Structure formats: structure tokens, C-alpha cells
Protein chains: 2
Amino acid sequence: MTHPSDSRAYFFKIDTTIKKIRNVLQKRFNDAGFDLTVDQWVLIDHVARNQGISQNTLAELTTKDAPTVTRILDLLVKKGLVERRMSEEDRRKFNIFLMPEGEKTFETVLPVVKEIRRQGWGELNEEDYEHFVRIMDSIYQNFSN
Amino acid sequence: MTHPSDSRAYFFKIDTTIKKIRNVLQKRFNDAGFDLTVDQWVLIDHVARNQGISQNTLAELTTKDAPTVTRILDLLVKKGLVERRMSEEDRRKFNIFLMPEGEKTFETVLPVVKEIRRQGWGELNEEDYEHFVRIMDSIYQNFSN
DNA sequence: TTGTATTAATTTGCAAACGAATAGTTAGTA
DNA sequence: TACTAACTATTCGTTTGCAAATTAATACAA
């Protein structure tokens, strides 16, 4: 066997796996009648846990870029799930808050997401998790210099 | 510590890692003056290894959907890298071939991609690779029923 | 043979990713 | 104070993903 780094496998496997996860999440959302994309959910999740967060911080936490966050928030605002309030200290910033409807969405969707996470992890154990984190972090680090 | 499946970590880690890889690849392409996106490269790579392949098969191999393949091929055709020939047996199908310019692109880009793959895998070893494949496949399988 | 169901590829619309450029605000410095 | 640099968010253009609908060709069954 050739050295693993010489095959397309690892890029491809990561790509395929994340697509699968996103796909399952989205289908489950649709079936449950949630009018929500996966990326919109990710933002709601972060706002729920960090009320008043700025767009920049949101971008960091989700590894999305600023324009992407702006546009997803536009959609969430239009749906009445989220609110932009101008920051008191710095008028360049917005503080992002969940609206009551957004809270309700968060409470409704969270259990479904948790269930999907559990399903995906299945019978894998703590040790697997440690391997997983170590390998992913290592790849990430190898590309960060 | 809570059960790993209960945290957002694994979805998030996979997402972050694949973004990083794509990002590095694209930047390296741009720096090298390749007028090529990562996904365009993925298609070229598959066509190079399977001259005459159909669009459907291409979609399967890359886990992209048919419209996406159509659009990426449109771009590659416009760039003169790839050619659609109508199939002899089935006139609904196209057989996809690399044009001379496409061959040249393939030969030029491949070494760069191989170098990036090596960099990403770094000091990880065979055993790590087996863990990696097992865990990713497991997650994928857990979502395929 | 006719009709129905599949299949291959395309088109369209919406969501998202990324980069470059821009406007407005704030901070730091000469 | 005035100038410059840095920061926050937005806009724009190009590319990709997914779903639904469409067109054209093929396969199968009555």
C-alpha cells in the first residue's frame, strides 16, 4: 500500500462525510417542517448561547466569513427569529439577539439535532473520539503555517 | 466529560477541517496562477483517470449532484480543458474527454496537489489512517439507514 | 405497437462560500 | 488637532449545492 497521504482518500472522505451529515440534518429539518437551513441553525445555536454576540465573533465561532454571516442574519431577521441592536459602546457593531420566535425555534430544533448527533456517533467510544480529535486537529495544524 | 456525541464538536471539527483544506488548496492554486477552483480540479482529476466517463458516473464519484456537474463542465468546456462527445450507444449520454490543454493542466497541477496532501497528513502514520477511515466510515454508515 | 416508466442531462431558483472593494466608525499617533 | 491605520459590516461577482421541473432518449410491459 502507498503512503496514505499519496491517495486522494482523506480529502475525499472528509468531504463525503460532512456532506452526508449536512444532508441528513437538512432532510430531517424539512421532514419536521422546520423552515431552516443547516447554516441558519448553526447561527441560531451560537446566538442562543451567546446573546448579544457581535457578527465578527459569530463569524469566528462558525468559521464563516463576514459577508456570509451578514447574509444569513439578513434571512433570520426577515424570518423574525433574530434581531440586530446597535452596540452602545461601538456604533460599528451590532449585538445580535434571539427574538421570542427564535427562542421557540431553538427549543424545538435542539432536541432533533441532539438526536442526529447521537445517531451519527453511534457505537464509537471515548477512545475513538480522542483519535478523531487528534487526527483532525493535526491536519488542521499542518495547514496553519 | 459528557458523551462526545452530545457536543457539537464532531460536526464542527469536520466542517472546519474540510474548509481549511479547501482554502489552502485554492490559495495555492491562485498563487501558482492556476485559473481553477478546487471543484473544477476534482472533476479534471476524475476525467483524466477515466477518459470518456459519463456525467452521471462523474457525479457519483465526486458525490456531486447532476446539475453541479453540468455547470462545472460548462465552465471547463468554456476554458477549453474538456470536451463533451455524444455517446454512440446512448444519445442521452455524453462521454467526457480531456482536451490537450486539459492534459497539460492536469500534469501541471497534480504535483502541487500531491505536495499539499503530504503536507496535510504530516507525521500521521498508517495506524492513524486506519482509525481515521474507520471512524469516518462509521459516521457515514450510521447515517445511511 | 402503443403506452408507461426510467434514465441522462439541463434549467431555474434559492442558499451559501469566498474574495475584493467600499462606507462608516473608532483608535492611535504625530 | 489632524492624519493615518484598523475595524465592522455591507455590497458585488463568481462558484457550488440542493430541489423541483423539463426535455429527450431508452427500456419495459400490456
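Predicted model, so just to flag it, every value in this text is computed and none were measured. By convention in this document, chain letters (A, B, ...) are assigned in the order of the sequence lines, proteins followed by strands, and residues within each chain are numbered from 1.
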Exercise. Taking only side-chain nitrogens and oxygens of K27(B), does any of them come within less than 4.0 Å of OP1 or OP2 of dG19(C)?
Worked result: yes
For this session: Using only side-chain N and O atoms of N30(B), determine if any of them is under 4.0 Å from OP1 or OP2 of dC18(C).
Result: no
For this session: Would you mind reading off the distance between I53(A) atom CD1 and dT8(D) atom C1', rounded to a whole angstrom?
Result: 14 Å
Seminar exercise, completed: Rounded to whole Å, the CG-C1' distance (L75(A) to dG13(C)) equals 14 Å
For this session: Can you figure out which of dT16(D), dA9(D), dT12(C) approaches the side chain of P67(B) most closely?
Result: dT12(C)
Exercise. Are the aromatic rings of F34(A) and W41(A) close, with centres under 6.0 Å apart?
Worked result: no
Exercise. F12(A) vs H46(B) aromatic rings, parallel, tilted or perpendicular, using cut-offs 30° and 60°?
Worked result: tilted
Problem set entry | Below 4.0 Å: OP1/OP2 of dA8(C) and any side-chain N or O of S54(B) | no
Exercise. Quick one: which of dA17(C), dT10(C), dG17(D) gets closest to the side chain of Q55(B)?
Worked result: dT10(C)
Exercise. Can you tell me how far C1' of dG17(D) sits from CD1 of I21(A), to the nearest Å?
Worked result: 16 Å
Problem set entry | Residue whose nearest DNA chain C nucleotide is more 5′ - V38(A) or R91(A) | V38(A)
For this session: Look at the side chain of N142(A) and the backbone N and O of S138(A), then say whether any donor-acceptor pair between them is shorter than 3.5 Å.
Result: yes
For this session: Tell me what T68(A) touches on the nucleic acid: a base, only sugar-phosphate, or nothing, going by heavy atoms under 4.0 Å.
Result: base
Exercise. Starting at CG of D65(A) and ending at C1' of dT10(D), how long is that distance when rounded to a whole Å?
Worked result: 12 Å
Exercise. How is R71(B) classified with respect to the nucleic acid when contacts are heavy atoms under 4.0 Å: base, sugar-phosphate, or nothing?
Worked result: base
Problem set entry | Phosphate-side-chain proximity, T70(A) and dT10(D), N/O vs OP1/OP2 below 4.0 Å | yes
For this session: Classify the side chain of R92(A) and the base of dT8(D) as holding, or not holding, a donor-acceptor pair under 3.5 Å.
Result: no
For this session: May I ask you to verify if any side-chain N or O of N56(B) is less than 4.0 angstrom from the OP1 or OP2 atom of dA9(C)?
Result: yes
Problem set entry | Gap between atoms CD and C1', on E60(A) and dC7(D) respectively (whole Å) | 13 Å
Exercise. Heavy atoms under 4.0 Å, any strand shown: does Q26(A) hit a base, just sugar-phosphate, or nothing?
Worked result: nothing
For this session: For D15(A) and dT16(D), give me the distance from atom CG to atom P, rounded to whole Å.
Result: 13 Å
Seminar exercise, completed: Rounding to 0.5 Å, atoms OG1 (T17(A)) and CZ (R22(A)) come to a distance of 13.0 Å
Problem set entry | Phosphate OP1/OP2 of dA8(C) contacted by R84(B) side-chain N/O (<4.0 Å) | no
For this session: Figure out the NZ/C1' separation between K93(B) and dT10(C), and round it to whole Å.
Result: 17 Å
Problem set entry | Side-chain heavy-atom pair N50(B), L61(B) within 4.5 angstrom cut-off | yes
Exercise. Is K64(B) near enough to dG17(D) that one of its side-chain N or O atoms lies under 4.0 angstrom from OP1 or OP2?
Worked result: yes
Problem set entry | Lys/Arg-Asp/Glu bridge criterion (N-O < 4.0 Å) met for D74(A), R84(A) | yes
Exercise. Of D39(B) and V69(A), whose nearest nucleotide on DNA chain D comes first from the 5' end?
Worked result: V69(A)
Problem set entry | Separation of atom CD in Q40(B) from atom C1' in dC18(C), rounded to whole Å | 14 Å
